[in-house]
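What follows is one structure encoded as structure tokens, with my remarks underneath.
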Amino acid sequence: MKFPQKNSFTDYYICRSFFSIMNLSLSEEEIIRRQALDKMRQSGIDPFPAALFPVTHYAKEVQEKYEEGKEVVLAGRMMNTRVMGKATFADLHDSSGKVQIYLNVDQLCPGEDKSFYNDVVKHLLHYGDFVGVSGKLFTTRMGEISVNVTSLKILAKSLKPLPVVKTDKEGNIYDAFTDPEGRYRMRYVDLVVNEKVKETFILRTGIVNAMRHFFNAAGYLEVDTPVLQPIPGGATARPFITHHNALDVPMYLRIANELYLKRLIVGGFDGVYEFSRNFRNEGMDRTHNPEFTVLEIYVAYKDYQWMMDFTEKMLEHVCREVLGSTQVKFGEKTLNFQRPFRRLSMTDAIKEYAGFDITGKSEEELAAFCKSIGIEVNNMMGKGKLIDEIFGARCEGNFIQPTFITDYPVEMSPLCKRHRSNPDLTERFELMINGKEVANAYSELNDPIEQRARFEEQLQLQERGDDEAMFIDHDFLRALEYGMPPTSGMGIGIDRLVMLLTNNESIQEVLFFPQMRPEKWQSEPDPKVFIALGIPEQWAEILIKAGFPTVEKLKEAKPTSIHQTLNGYRKKNKLEMPALQLNDVQQWLGEA
RNA sequence: GAUUCCGUAGCUCAGCCGGUAGAGCAAUACACUUUUAAUGUAUGGGUCCUGGGUUCGAAUCCCAGCGGGAUCACCA
């Protein structure tokens, strides 16, 4: 098969070529690639053809199901080209992996005209260009499966050089693209050159799909609820605030979807779940991104004991499905997701790790104990908060293997049902893994009168100075008044779960585009603005190169300094043009 | 938000007791028909993050800013 290269629009682009290399902020390599682009067009090759390319195989398929002499058509980026005179080897990277291609001058150009090989392949193609190839499979003397290419078509030129990362036979990586800022800002580059990054994101989708299958198999319904909410409910956190113009009201990006899912249980669904993108206007670090994903699921006629079993089964299923094992490597540790997980009440956890029994203790006694182990205490802190502090300081970090902590104090859980056997506690569990909270679940509070009272306690906390206490959602209370069956709900932080299952210490590694401070873009320097001041064109370009990208910058500088800088540039670059006079500079600035 | 480290060629990094800016890979040119981190020879490539200050002289020392990482605080 031979692919047509010619394109009738080519002439149109050639006349534009001068402008495409005019850009003064390009590096030498970028200019060379743009020149190659123009040369391609001049020889009638369209570097960005419109037509589909009829791919028949992927690199991975070719490697795994090798058949000597099989005719294949592949497409991808050409990387690591090795020219050996009349033969060239390169690696073709597609979405599945890579395969070597062998380009031979006589096979690529069977006639008299060898220019396609000699000019295009050897000189106009660059690292990272997209090409399509067809040819027969063979194995080289070195034992490498390769495509003996009979036809090559340029599919898209790459104008910026990618970082060159090489891997040797032992798997050692050379010159890896490691700068975190560059990797996160330009994830597209990261994905191209760092193989492992792609794997993480494929696993992430696998984890979400496995969860979805598990919930669907149980007969529960995936739903969508509002991201834009009039009251940010269901959690304690600072929201992002926005404004709806037509309604002229403030709106909030959701911090949780809990209250909406419970409304759906009121409406008669037995089980609903949602992968909810939540937004919290708080700090950012290795484990926090302003937007993050939480799976929340609510199931009618169940309690938190049932939900613990369900959560365990679900996680075990996900591990087997996605990783093929319940033993998960995380750094030096191995996490065991084989159920049953350890279960421990909050009270017992504190007894075990802090040596203190919180049963029946007053706020004063708890505060005194906190002080005794070095926790700072203030009068904003109620009993619940004090207990939480003790747990956070002494217990949390100890639970490396998946562990359910149950029965939290009532003050910490305003949406959770009171414990059936102890009114100071709630029917709640959190799943701790690697010393961090991963999931949180309740027997949901469905008594509307008690729910109203709990919201009012939150208001009192606000008055004590807690700026994150919950708002009262009157519509949610009205829904409960119509009656909600006993229900258990569970939320699990997807990003953090993915971190654990993909052995990543940073949330930025499991989000394609982690939040970053916006990049600053300098506007492209334009010599025309200087020419407009009466500055000769040749000096206008030198001005930009010598560090005066804008008229403002030029006017900030002293004429003598400009004069010296420009003549210095002329001398350094041995430009054949007359030296500049101070008088000229003064004229440019209108000071003559 | 606090502390701390970092910012030099397309990539990875050296240079930092102040004195003309360096290496490897990549690029460009030539040689080479089974290479594979290809090789050999030659060549080009820099606003040393930005702005001030000290100095005869600053990538280097000082101050401020910008961007990022790590730790802590808050949180999931």
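Numbers restart at 1 for each chain; the letters A, B, ... are given by sequence-line order, proteins then strands.
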Between [options], which one does the side chain of [X] approach most closely?
X: A:Arg185; options: B:C11, B:G67, B:U36; result: B:G67
X: A:Gln508; options: B:U33, B:G69, B:A26; result: B:G69
X: A:Asp285; options: B:U36, B:C74, B:U28; result: B:C74

Discussion item. Testing A:Arg286, A:Lys436, A:Arg204 one by one against A:Asp495 for a salt bridge (Lys or Arg N to Asp or Glu O under 4.0 Å), which residue passes?
Written reply: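 Among A:Arg286, A:Lys436, A:Arg204, the one meeting salt bridge (Lys or Arg N to Asp or Glu O under 4.0 Å) with A:Asp495 is A:Arg204.
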Worksheet entry | Nearest non-hydrogen partners of A:Leu108 and A:Leu152, listed with the distance |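 Smallest interatomic distance, heavy atoms only, reads CD1-N, 4.2 Å.
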Would you state whether a donor and an acceptor, one from the side chain of [X] and one from the base of [N], lie under 3.5 Å apart?
X: A:Arg82; N: B:U35; result: yes
X: A:Glu181; N: B:G67; result: no
X: A:Thr178; N: B:U12; result: no
X: A:Asp175; N: B:G24; result: yes

Practice prompt. With sequence neighbours excluded, tell me which residues meet side chain to side chain contact (heavy atoms under 4.5 Å, CB included) with A:Arg82.
Written response: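 With neighbours one apart ignored, the set is A:Asn80, A:Phe89, A:Asp91, A:Gln100.
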Worksheet item: Base, sugar-phosphate, or nothing for A:Val83, non-hydrogen atoms under 4.0 angstrom?
Response: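 The answer is base, as A:Val83 lies within the cut-off (heavy atoms under 4.0 Å) of a base atom.
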Worksheet item: Which is true for A:Glu291 with a 4.0 Å heavy-atom rule: it touches a base, it touches only sugar-phosphate, or it touches nothing?
Response: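 Answer is nothing: A:Glu291 stays at 4.0 Å or more from every strand.
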Worksheet item: Hey, can you pull the residues of residues 500-507 of chain A with a non-hydrogen atom under 4.0 angstrom from RNA chain B?
Response: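 Output list: empty, so none.
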In whole angstrom, what separates [X]'s [atom1] from [N]'s [atom2]?
X: A:Leu103; N: B:A38; atom1: CG; atom2: P; answer: 15 Å
X: A:Phe177; N: B:C11; atom1: CZ; atom2: P; answer: 7 Å
X: A:Ile101; N: B:A38; atom1: CD1; atom2: P; answer: 14 Å

Under the side chain to side chain donor-acceptor pair (under 3.5 Å) test, residues paired with [X] that sit two or more places apart:
X: A:Asn148; value: A:Gln107
X: A:Tyr408; value: A:Glu430
X: A:Arg77; value: none

Item to complete: With C1' as the reference atom in both, quote the distance from B:A59 to B:U20 in angstrom, rounded to an integer.
Response: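 My reading of the C1' atoms in B:A59 and B:U20 gives 13 Å.
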Worksheet item: Can you list the residues that meet the ring pair (Phe, Tyr, Trp, His ring centres under 6.0 Å) rule with A:Phe240, with sequence neighbours excluded?
Response: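 If we apply the ring pair (Phe, Tyr, Trp, His ring centres under 6.0 Å) test to A:Phe240, skipping adjacent residues, there are no hits.
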